[in-house]
Enquirer: 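Please find one structure pasted underneath; my questions will follow.
These numbers come from the heavy atoms of this one structure, side chains and all, not from hydrogens, waters or symmetry mates.
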Amino acid sequence: MNASPEHALYRIRRTRRDGVSDRRYRGSWELSDDATKQALATCDLMGRVVFGAHEIVDHAKQAWRLAANRAVMPSHWLLTDPEQRLALQFHQQILRKLINPWRRTALVLLDADDRERFRLIDARTGLVHRILGLGIDEWVVMEHDRQVARLVSLPKENTDSNGVLKRLGKLLSPSDQGIASAGFEHALPAPAALALLMLAEELTKPSAAG
């Protein structure tokens with residue numbers, strides 16, 4: 001699955017807000033619909049995402065909350081909606097990963113009734129390729145046996161109207177990240193998609209603990 005007009009596409013933009021005095025501040029993530037350019041969810045990252053709690057603000061300026069189940073060695077994260085109702089659970093399944101560190105599943109997404117909704121898995125099947133590492137484009141979101149989305153890297157947008165500087169900016173700037181869904185509708189609501197990308201950023205790195 002490629003990012004194209006035939007697929008609903010979320011894009012992440014990483015910025016820094018002025019005037020944030022908290023020393024834990026690591027920047028802000030803004031998730032937007034790539035077709036409409038509308039910002040649908042934002043989050044200020046305060047320390048590691050996998051520890052503590054983070055507030056995700058949706059397009060209606062309502063606050064969702066992503067929180068670890070415990071402060072030390074968290075195993076799953078809970079996303080609650082503005083009414084503090086459980087919307088989604090992100091389970092890492094640490095014990096299974098310890099038994100098989102090369103297992104394909106990174107996260108299992110459960111609803112409030114503990115029913116599986118999605119899995120974030122490594123799309124590569126060869127062990128050698130997985131040992132050598134993988135990029136963001138190798139992670140896919142599965143709904144049972146059907147692929148519904150893929151994490152993607154996107155050419156970074158540059159609003160500079162000067163042609164030379166625009167081309168230079170594309171060479172020097174890192175890519176944006178995003179989620180390309182299989183159809184015209186987004187597979188995940190914006191706050192859940194942002195939470196998934198934030199967790200995947202840390203948990204799928206080779207150095208990620210657990």
Side-chain angles (χ1 to χ4, degrees), residues 1-4 6-14 26-27 29-34 40-41 43 45 48-50 54 56 66 68 74-79 87-111 116-156 174-183 185-210:
M1 180 197 306
N2 298 316
S4 72
E6 289 76 30
H7 303 295
L9 179 63
Y10 284 133
R11 178 186 293 267
I12 286 287
R13 295 179 179 86
R14 305 190 192 201
R26 298 170 52 211
W29 282 28
E30 177 187 272
L31 181 141
S32 63
D33 180 276
D34 207 50
L40 300 176
C43 181
L45 273 63
R48 292 280 303 279
V49 174
V50 296
H54 281 79
I56 296 174
L66 178 66
S75 60
H76 64 275
W77 297 264
L78 307 178
L79 179 67
L88 205 58
Q89 307 174 59
F90 300 83
H91 283 253
Q92 192 182 10
Q93 299 185 317
I94 291 178
L95 291 179
R96 294 185 182 183
K97 189 172 182 180
L98 290 174
I99 295 172
N100 179 11
W102 303 112
R103 66 191 304 268
R104 299 178 64 199
T105 301
L107 285 169
V108 177
L109 283 62
L110 308 177
D111 64 17
E116 181 177 323
R117 293 292 313 281
F118 305 103
R119 284 178 178 257
L120 178 66
I121 70 167
D122 174 358
R124 295 187 180 184
T125 57
L127 180 59
V128 173
H129 292 100
R130 296 170 69 195
I131 292 175
L132 293 175
L134 70 166
I136 187 173
D137 292 349
E138 302 303 331
W139 295 103
V140 300
V141 180
M142 303 292 295
E143 184 177 24
H144 303 298
D145 60 350
R146 182 171 69 96
Q147 180 180 328
V148 296
R150 177 184 288 274
L151 306 195
V152 295
S153 57
L154 303 167
K156 192 173 183 66
S175 299
D176 287 335
Q177 294 181 8
I179 299 182
S181 294
E185 301 293 331
H186 293 291
L188 291 167
L194 181 53
L196 175 62
L197 283 169
M198 289 163 52
L199 290 169
E201 169 76 7
E202 295 186 0
L203 294 175
T204 63
K205 290 179 178 178
S207 59

Enquirer: For the residue pair Leu88 and Phe90, establish whether any side-chain heavy-atom pair is separated by less than 4.5 Å.
Expert: yes
Enquirer: Please walk me through it: do Val49 and Glu201 pass side-chain contact (heavy atoms from CB on, under 4.5 Å)?
Expert: CA-CA 9 Å; Val49 174; Glu201 169 76 7; over 6 Å; no
Enquirer: Quick check on side-chain contact (heavy atoms from CB on, under 4.5 Å): which of Leu196, Leu197, Leu194 does Leu188 satisfy it with?
Expert: Leu196
Enquirer: To the nearest 0.5 Å, what is the distance between CH2 on Trp139 and CG on Asp122?
Expert: 5.0 Å
Enquirer: Any Lys/Arg nitrogen of Arg26 or Glu202 sitting under 4.0 Å from an Asp/Glu carboxylate oxygen of the other?
Expert: yes
Enquirer: If I compare all heavy atoms of Leu79 with all of Ala192, which pair ends up nearest, and what's the gap?
Expert: CD2-CA, 3.7 Å
Enquirer: Quick one: salt bridge (Lys or Arg N to Asp or Glu O under 4.0 Å) partners of Arg11, sequence neighbours excluded?
Expert: Asp34, Glu157, Asp176
Enquirer: Any idea which heavy atoms bring Val50 and Pro74 closest together, and the distance?
Expert: O-CG, 3.2 Å
Enquirer: Taking atom CH2 of Trp77 and atom CE of Met198, what is their separation to the nearest 0.5 Å?
Expert: 12.0 Å
Enquirer: Inspect the surroundings of CZ in Arg13 and state if more than 12 heavy atoms from other residues, nucleotides or ligands are less than 6.0 Å away.
Expert: yes
Enquirer: Any heavy-atom pair between the side chains of Leu199 and Leu66 that's under 4.5 Å?
Expert: yes
Enquirer: Are any non-hydrogen side-chain atoms of Arg150 and His7 less than 4.5 angstrom apart?
Expert: no
Enquirer: Any chance you could measure Glu143, atom CD, to Arg119, atom CZ, to the nearest 0.5 Å?
Expert: 13.0 Å
Enquirer: Does the side chain of Leu151 reach to within under 4.5 Å of the side chain of Leu120, using non-hydrogen atoms?
Expert: yes
Enquirer: Taking the side chain as everything from C-beta on, heavy atoms only, tell me whether Leu154 gets closer than 4.5 Å to Leu9.
Expert: yes
Enquirer: Residues in side chain to side chain donor-acceptor pair (under 3.5 Å) with Asp111, at least two apart?
Expert: Arg115
Enquirer: Roughly how far, to the nearest 0.5 Å, is the CD atom of Glu116 from the CE atom of Met142?
Expert: 10.5 Å
Enquirer: Quick one: OG1 on Thr105 to CD1 on Ile121, what's the gap to the nearest 0.5 Å?
Expert: 6.0 Å
Enquirer: Considering all heavy atoms of both residues, which atom of Ala187 and which atom of Ala149 are nearest to each other, and what is their separation?
Expert: CB-CB, 4.3 Å
Enquirer: Using ring pair (Phe, Tyr, Trp, His ring centres under 6.0 Å) as the criterion, list what pairs up with Tyr10, not counting sequence neighbours.
Expert: His186
